[in-house]
Amino acid sequence: MEMYNLGQDDIVGNSAPRQNPDPIEAHRSDCREFFEHAHAAISVICANLDQQLGLPLDTLIRRSSIDQPSETSLRLLLSWPQTGDAEVGDNRQITLGGHTDIGTLTLLFHVSGGLQILPADKDNVAENWRYIRPEPGCALINVGDTLVEWTGGILRSSLHRVVTAPGEQARVARQSLAYLVRPRRTETMHRIQGSDVIPPLGEGEEEDTRSVSDWAAWRARQVMNGELKPRTTGGRRVVTRA
Ligand SMILES: O=C(O)CCC(=O)C(=O)O
Ligand SMILES: [Fe+2]
């Protein structure tokens, strides 16, 4: 697996420009347009979530504004074709290990198969992972861990991974794009207040006062050191507005 992360701040001008590889530098304005479109799509999703969560309109999108510094990025992923016998399930290679996305929302653009999720109530064994078939003309939306924390576990971030695609697709390179939305840097991990849907902190629960960046760095470190096993989190049942 090869990947390259293109920073939103770099492309839209929230920070000094970085020197990216030539094919990107030659298409800076296309990249900017991509970020703007992707952000517009995220705004629609956030507005719907605001409504469902009983929050004032724009609560969520204001926390991920495109013109404020954040760690939002566009990840370009490439998995090389698998050599050998990929038809046999056990021989499939895992090219991106099981994880949850750390930010708020992810827009995933994929054309060939290979993405799998582990349904929330299932054990992490090979036969329980399900392929997610790409739908022509559609992007896949993932909820990330930050939104789970902000909503007191109402929203769910699912464990997912990339393996060799089924059938003949195993013989072609797989390319995908993940627009990984992170909150603006000034935001904290405090649970969102002012909603009658998001539960208040319960007994024994403590407010997480860390900045989103400190929290994300801590979490990534924990996963890397093996102290935290990535798993699906959140998904509390609540009554939402019609
Ligand atoms: O390439 C894919 O389909 C998934 C990528 C992904 O999960 C990620 O970059 O976080
Ligand atoms: Fe992911």
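For clarity, every value in this text was computed on a predicted model and none was experimentally measured. All ligand and atom numbering here is 1-based and tracks the order in the structure. Residue indices begin at 1 and follow the sequence shown.
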Peer 1: Can a non-hydrogen atom of Met3 be found less than 4.0 Å from any atom of ligand 1?
Peer 2: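 Per 4.0 Å heavy-atom rule, Met3 does not contact ligand 1.
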
Peer 1: Which residue and non-hydrogen atom of the protein lie closest to atom 5 (C) of ligand 1, and at what distance in Å?
Peer 2: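 Result for atom 5 (C) of ligand 1: Leu96 CD2, 3.7 Å.
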
Peer 1: Considering only heavy atoms of Val162, which atoms of ligand 1 have at least one such atom less than 4.0 Å away?
Peer 2: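 Listed by number with element, the hits are 1 (O), 2 (C), 3 (O), 4 (C).
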
Peer 1: Can you check whether His190's main-chain N or O pairs, donor with acceptor, with Thr188's side chain at less than 3.5 Å?
Peer 2: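 Pair found, side chain donor or acceptor close to backbone of His190.
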
Peer 1: Under a heavy-atom criterion of less than 4.0 Å, does His99 contact ligand 1?
Peer 2: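 It does, in that a heavy atom of His99 comes within the 4.0 Å cut-off of ligand 1.
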
Peer 1: Does Arg32 form a salt bridge (Lys or Arg N to Asp or Glu O under 4.0 Å) with Asp10? I'd like the steps, not just the answer.
Peer 2: CA-CA 9 Å; Arg32 188 185 175 109; Asp10 170 10; over 6 Å; no

Peer 1: The Fe ion (ligand 2) as vertex, arms to NE2 of His160 and NE2 of His99: angle to 10°?
Peer 2: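 Output for this angle: 90°, rounded to tens.
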
Peer 1: Quick one: nearest non-hydrogen protein atom to atom 9 (O) of ligand 1, plus distance?
Peer 2: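 For this ligand atom, the closest protein heavy atom is Arg75 NH1, 2.8 Å.
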
Peer 1: Which of the numbered atoms in ligand 1 are under 4.0 angstrom from any heavy atom belonging to His160?
Peer 2: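 Reading through ligand 1 atom by atom, the close ones are 7 (O).
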
Peer 1: What's the verdict on salt bridge (Lys or Arg N to Asp or Glu O under 4.0 Å) for Arg185 and Glu71, showing C-alpha distance, side-chain angles and the deciding distance?
Peer 2: CA-CA 7 Å; Arg185 285 183 199 276; Glu71 286 174 38; 3.3 Å; yes

Peer 1: If we set the cut-off at 4.0 Å for heavy atoms, which region of Asp101 has an atom near ligand 1: side chain, backbone, both, or neither?
Peer 2: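 The side chain, only.
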
Peer 1: At what distance is the nearest protein heavy atom to atom 3 (O) of ligand 1, and which residue and atom is it?
Peer 2: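 The closest one turns out to be Arg174 NH2, 2.8 Å.
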
Peer 1: With heavy-atom distances below 4.5 Å as the criterion, would you say the side chains of Trp150 and Thr104 are in contact?
Peer 2: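 Yes, their side chains come closer than 4.5 Å.
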
Peer 1: Decide, yes or no, whether a salt bridge links Arg191 with Glu205 under the criterion of side-chain N to carboxylate O below 4.0 Å.
Peer 2: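 Result for this pair is yes, salt bridge flagged.
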
Peer 1: Of all N, O or S atoms in Asp101, which has the smallest distance to the Fe ion (ligand 2)?
Peer 2: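 In Asp101, the N, O or S atom with the shortest distance to the Fe ion (ligand 2) is OD1.
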
Peer 1: At what distance, to the nearest 0.5 angstrom, does CG of Leu108 lie from CD1 of Ile132?
Peer 2: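 It comes to 10.5 Å.
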
Peer 1: Answer whether the closest heavy-atom distance between the side chains of Val223 and Ile102 falls below 4.5 Å.
Peer 2: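 The answer is no, as the side chains (C-beta and beyond) never meet within the 4.5 Å cut-off.
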
Peer 1: Measure the distance from atom 1 (O) of ligand 1 to every protein heavy atom, then report the residue, atom name and distance (to 0.1 Å) of the closest one.
Peer 2: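 It is Ser176 OG, 2.6 Å.
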
Peer 1: Say you draw a straight line from CD1 of Ile66 to CG of Asp9; how long is it, rounded to the nearest 0.5 Å?
Peer 2: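 If we round to the nearest 0.5 Å, Ile66:CD1 and Asp9:CG are 9.5 Å apart.
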
